Amino acid sequence: MTEGSQVKRCDLLVTNGYLLTMDKERTIYSPGAVAVTGNAITAVGSEKEILGGFEATQSIDAHGAVVHPGFIDAHNHVVHQSCRGVFVDTMASSKQPVSFADWKADALDEDENAAAVLACLELLNNGFTAFVEPGTAFAPDAVASAAESVGVRGAVTDPYLWDRTDILTHAGGLRSDSLLKRSPPDTDYAIGALGGQLFRNRDPNALVRGYISLYGEGTASDELERAAKSLADAHGVVFQQHEGYLPEIARRQKAQLGVSRMVHLAELGVLDRNSTLIHVNAFFDEDRAVMVDAGISIIWCPTAYLSLGIHDDAPCRIPDLYRRGINVALGTDAALDCTIGDAGRTAYLVAKDVCDPIDYSQIIEMQTINAAIASGLAEITGSLEPGKRADIVIRRNDAPEARPGFNPMHQVALTARAGTVDTVVVDGIVVFKKGQAIRVDTEEVYAEALASVRRRVDRLGIQAPAPWPIVES
């Protein structure tokens with residue numbers, strides 16, 4: 001402070017942290033501090049500088065542990081969180097009387113809310129403060145309500161917008177007659193439904209925002225693609241869709257179109273810096289330049305990629321795209337056989353497996369500022385900088401997963417996940433303290449999630465997998 005300067009008041013001070021700002025210079029302050037006023041960050045800097053300039057109503061001592069912007073799960077089907085253990089293999093479930101797509105079609109509002117609340121608790125537990133639901137929630141209000149109750153930032157969109165679904169015949173358990181009956185492929189309906197969640201953006205302080213998304217994977221006509229992209233641009237929101245999920249689908253689309261799906265989308269004019277494609281597991285050599293030139297973002301879901309068993313047919317090439325300048329973020333997809341938080345370490349290992357390694361610091365980028373860009377949230381969150389919303393994670397450094405502590409960034413990226421998060425602040429409010437969510441009764445959440453699954457299993461007549469005999473008393 002210079003002579004004569006006045007000490008400012010703020011609502012919250014986070015002090016004594018190994019502070020990863022994720023600003024343009026990737027500045028690290030050790031020890032560092034963050035001042036928060038209302039829902040926004042007021043100042044970030046060295047602890048000495050911030051303590052000399054601010055007095056706070058509340059202070060949190062990080063005890064030298066890592067403090068970082070909340071991670072963002074850029075692609076998470078949060079309404080599927082309660083499906084864990086119901087299907088041994090969701091893609092192969094098409095061979096069973098009840099498929100994964102049938103399960104999705106069966107969801108009631110209360111089921112989606114129960115699953116989403118459970119997912120939001122897991123997000124906080126792993127240091128995530130935001131998620132993007134990619135248009136597979138029939139009741140976006142139920143998802144928004146879940147996020148708001150737990151205190152997690154979210155983005156929602158209109159469910160299952162498509163107008164041609166023949167390609168889903170080659171997508172295993174992702175297609176079913178019951179799902180198509182509930183979400184019929186119709187051009188007029190889909191175009192009319194576009195933008196149904198944008199009302200949420202009227203309130204600049206809304207915790208849950210709306211954006212534009214199509215299901216993708218060749219399920220949209222050219223007319224629907226153009227309408228969606230035009231509306232996204234007009235409202236200044238991101239445009240997302242699934243693409244390149246399975247190599248068989250990519251090949252069939254190329255045979256139908258005469259060019260690759262990626263080239264076709266570029267020719268339609270729907271690929272640019274406001275476009276985000278999800279997965280991109282399978283693409284053709286000519287697509288690389290198309291994606292780089294368009295400046296798109298890609299959401300990489302490495303655990304989903306591994307679960308598909310397509311390595312021989314479609315070796316992972318996302319690290320190469322990242323090196324060529326494409327903005328790559330990480331997503332969970334659906335946390336059915338994994339946990340939220342697995343994507344970072346999985347991406348690191350997949351890249352090593354294809355002999356195209358990425359650095360642990362890039363893993364952090366993909367879950368913070370890169371994810372914010374891909375999600376259309378970069379003006380709000382993704383880094384600790386003055387003016388951005390106060391979405392802050394304070395780690396513990398007294399857990400073995402956070403040690404030896406010689407390189408804290410390495411631990412945060414690859415080893416220190418659930419169990420090493422002490423406090424989480426979202427929108428300037430402490431919502432997770434001493435390793436526990438504080439706005440909901442977690443036992444009630446768990447009980448309702450289990451009750452929801454049991455109701456749905458009974459409705460659909462699903463038998464729970466049991467490889468060994470169970471003796472009940």
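Because the structure is predicted, anything quoted here is derived from the model rather than measured. Only heavy atoms go into these numbers, but all of them, side chains included; no hydrogens, no water, no symmetry mates.
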TODO: Tell me whether the guanidinium CZ or amine NZ of Arg317 lies under 6.0 angstrom from the six-membered ring centre of Phe283 and within 45° of its axis.
DONE: yes
Task: Heavy-atom closest pair, residues Val453 and Ser82 - done: CG2-O, 3.0 Å
- [ ] May I ask you to decide if the ring planes of His242 and Tyr215 are parallel, tilted or perpendicular, using 30° and 60° as cut-offs?
- [x] tilted
All N/O donor-acceptor pairs, side-chain side in residues 178-185, below 3.5 Å, sequence neighbours left out:
unit_1: Ser178; atom_1: OG; unit_2: Asp102; atom_2: OD1; d: 2.6
unit_1: Ser178; atom_1: OG; unit_2: Ser176; atom_2: OG; d: 3.0
unit_1: Arg182; atom_1: NH1; unit_2: Ala105; atom_2: O; d: 2.7
unit_1: Arg182; atom_1: NH1; unit_2: Ala107; atom_2: O; d: 2.6
unit_1: Arg182; atom_1: NH2; unit_2: Ala107; atom_2: O; d: 3.3

Task: Exercise: identify the closest heavy-atom pair between Leu214 and Ala220 - done: CD1-CB, 3.8 Å
- [ ] Determine, stepwise, if the pair Arg455 / Asp106 fulfils salt bridge (charged side-chain N to carboxylate O under 4.0 Å, His left out).
- [x] CA-CA 11 Å; Arg455 292 193 299 265; Asp106 168 77; over 6 Å; no
Open item on the list: For the CD1 atom of Ile318 and the CD1 atom of Ile299, what is their distance to the nearest 0.5 Å?
Closed with: 11.0 Å
- [ ] Output yes when Lys433 and Asp422 qualify as a salt bridge under the 4.0 Å nitrogen-oxygen rule, no when they do not.
- [x] no
Open item on the list: When you compare the side chains of Asp23 and Ser383, does any donor N or O come within less than 3.5 Å of an acceptor on the partner?
Closed with: no
Task: Closest contact, heavy atoms only, Glu148 versus Arg439 - done: O-NH2, 3.3 Å
- [ ] Specify whether His75 and His77 have parallel, tilted or perpendicular ring planes, treating 30° as the upper limit for parallel and 60° as the lower limit for perpendicular.
- [x] perpendicular
Open item on the list: List the residues meeting side-chain hydrogen bond (donor to acceptor under 3.5 Å, both in side chains) with Thr339, not counting sequence neighbours, and say none if there are none.
Closed with: Asp342
